[in-house]
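Notes follow the structure.
Residue numbering restarts at 1 for every chain, and letters A, B, ... go by the order of the sequence lines.
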2 protein chains.
Amino acid sequence: MDQNRSTNLGEIIRQGRVTQRLTLSQLSAMSGVSSSHLGRIERGERYPSGSILRKIAEPLGFEENELFTLAGYLTPTSSGVAESRPRYGGGELDPYVARILAQEPIDVQRAVIGILTILKSLALSTVKESA
Amino acid sequence: MDQNRSTNLGEIIRQGRVTQRLTLSQLSAMSGVSSSHLGRIERGERYPSGSILRKIAEPLGFEENELFTLAGYLTPTSSGVAESRPRYGGGELDPYVARILAQEPIDVQRAVIGILTILKSLALSTVKESA
DNA sequence: GTTGACATTTGCCATTTGGCGAATTATAAT
DNA sequence: ATTATAATTCGCCAAATGGCAAATGTCAAC
């Protein structure tokens with residue numbers, strides 16, 4: 001086990017597959033990785049190796065570097081992904097998040113912030129109730 | 001077994017270690033990978049995972065991309081130098097959205113994409129119901 | 001030749017990955 | 001409601017990784 005692993009890589013991979021409108025079997029055929037393994041990866045039951053990531057990056061519409069960085073195999077600074085990473089008020093924006101959001105209309109992007117604000121308030125009040 | 005594997009990665013890694021004038025124990029201490037495993041890798045008895053490569057790249061004086069490409073985990077074309085200007089798949093990201101999101105932890109940023117995906121699915125199925 | 005320090009290799013095993021084939025679940029058509 | 005098909009999940013197992021601790025090899029000093 002490696003501490004650098006992403007906790008939601010499987011979900012990211014599933015989202016990529018759904019975005020490309022592929023079934024597990026179709027992605028399996030395109031990538032050469034078995035559908036049962038892909039299912040386990042998406043559910044978080046297995047962590048994909050570098051070999052697997054290379055095979056599924058293109059069918060899922062990812063840059064290889066991007067996917068390796070998401071998986072924690074490449075550190076952001078050396079994969080080149082971070083070179084495009086703008087800094088905003090001292091914070092860093094994940095390149096994957098930026099890329100996906102950029103494909104949406106501006107209204108949707110801003111709505112996302114509204115939803116995030118609501119969820120944060122909800123989380124805060126939930127924490128207060130638990131105290 | 002993966003066909004993309006390099007047959008001489010172990011030797012390349014050994015050469016890097018010798019060039020840096022390190023023993024297996026020293027490289028182990030610097031990288032956090034056990035010396036016995038490093039020895040097996042150098043002799044070709046084990047093939048290092050992406051996690052191991054990330055840990056040993058810097059002590060050996062390699063760029064991470066370079067070592068991953070040597071190992072066959074990254075294809076050469078996609079591990080090249082990133083373009084200097086930010087690109088988001090042809091779309092533009094609202095600066096306000098970028099600034100706000102950048103203030104959140106990376107996990108939260110990625111969760112936001114998950115929520116967006118769910119909402120889009122809901123919207124799509126709602127549109128289908130309306131038709 | 002012996003000894004000790006240092007470096008590397010080996011035996012072993014727990015853990016994890018990845019694929020086959022079957023089972024289960026979901027979905028669409030009737 | 002039923003049935004067929006599509007999609008996903010599961011049981012199982014072989015293969016591979018990675019680390020501990022011990023064993024072996026190398027070399028310098030005596």
For atom [atom1] of [X] and atom [atom2] of [N], their distance in whole Å:
| X | N | atom1 | atom2 | result |
| --- | --- | --- | --- | --- |
| B/I56 | D/dT17 | CD1 | P | 14 Å |
| A/I52 | C/dG18 | CD1 | C1' | 7 Å |
| A/L53 | C/dT17 | CG | P | 12 Å |
| B/I41 | D/dG19 | CD1 | C1' | 12 Å |
| A/L38 | C/dT17 | CG | P | 14 Å |
| B/R54 | D/dG18 | CZ | P | 12 Å |
| A/R46 | C/dC20 | CZ | P | 15 Å |
| A/I13 | C/dG18 | CD1 | P | 11 Å |

Q) B/V108, A/L9: one ILVMFWY side-chain cluster at the under-4.5 Å cut-off? A) yes
Q. Does A/M30 belong to the same Ile/Leu/Val/Met/Phe/Trp/Tyr cluster as A/I12, with side-chain heavy atoms less than 4.5 Å apart forming each link?
A. yes
(Q) If the cut-off is 4.0 Å, is B/R5 near the phosphate of D/dT17, judged by side-chain N/O to OP1 or OP2? (A) yes
Q. Is the shortest side-chain N/O distance from B/S49 to OP1 or OP2 of D/dG18 below 4.0 Å?
A. yes
Q) Where is the tightest heavy-atom contact between A/T75 and B/R54, given as atom of each residue plus distance? A) CG2-CD, 3.5 Å
Q. At their closest point, which heavy atom of B/V33 faces which heavy atom of B/L38, and how far apart are they?
A. O-CD1, 3.7 Å
Polar-atom pairs under 3.5 Å, protein N or O versus N or O of nucleotides 6-10 of chain C: list them with distances, or write none.
| unit_1 | atom_1 | unit_2 | atom_2 | d |
| --- | --- | --- | --- | --- |
| C/dT8 | OP1 | B/R17 | NH1 | 3.2 |
| C/dT8 | OP2 | B/L24 | N | 2.8 |
| C/dT9 | OP2 | B/R43 | NH1 | 2.4 |
| C/dT9 | O5' | B/R43 | NH1 | 2.9 |

Q: Can you sort out the partners of A/E58 under salt bridge (Lys or Arg N to Asp or Glu O under 4.0 Å), two or more places apart, ordered by chain and number?
A: none
**Q.** Contacts of B/Y73 that satisfy ring pair (Phe, Tyr, Trp, His ring centres under 6.0 Å) - sequence neighbours left out
**A.** none
Q.
Taking ring pair (Phe, Tyr, Trp, His ring centres under 6.0 Å) as the definition, give me every residue that meets it alongside B/F62, ordered by chain and number, with sequence neighbours left out.
A. none
Between the protein and nucleotides 23-28 of chain D, list the N/O to N/O atom pairs that are separated by less than 3.5 angstrom.
none

**Q.** Results of side chain to side chain contact (heavy atoms under 4.5 Å, CB included) for A/I100 - residues two or more places apart only
**A.** A/Y96, B/I113
Q) So, are A/E66 and A/R99 salt-bridged, with charged N and O less than 4.0 Å apart? A) yes
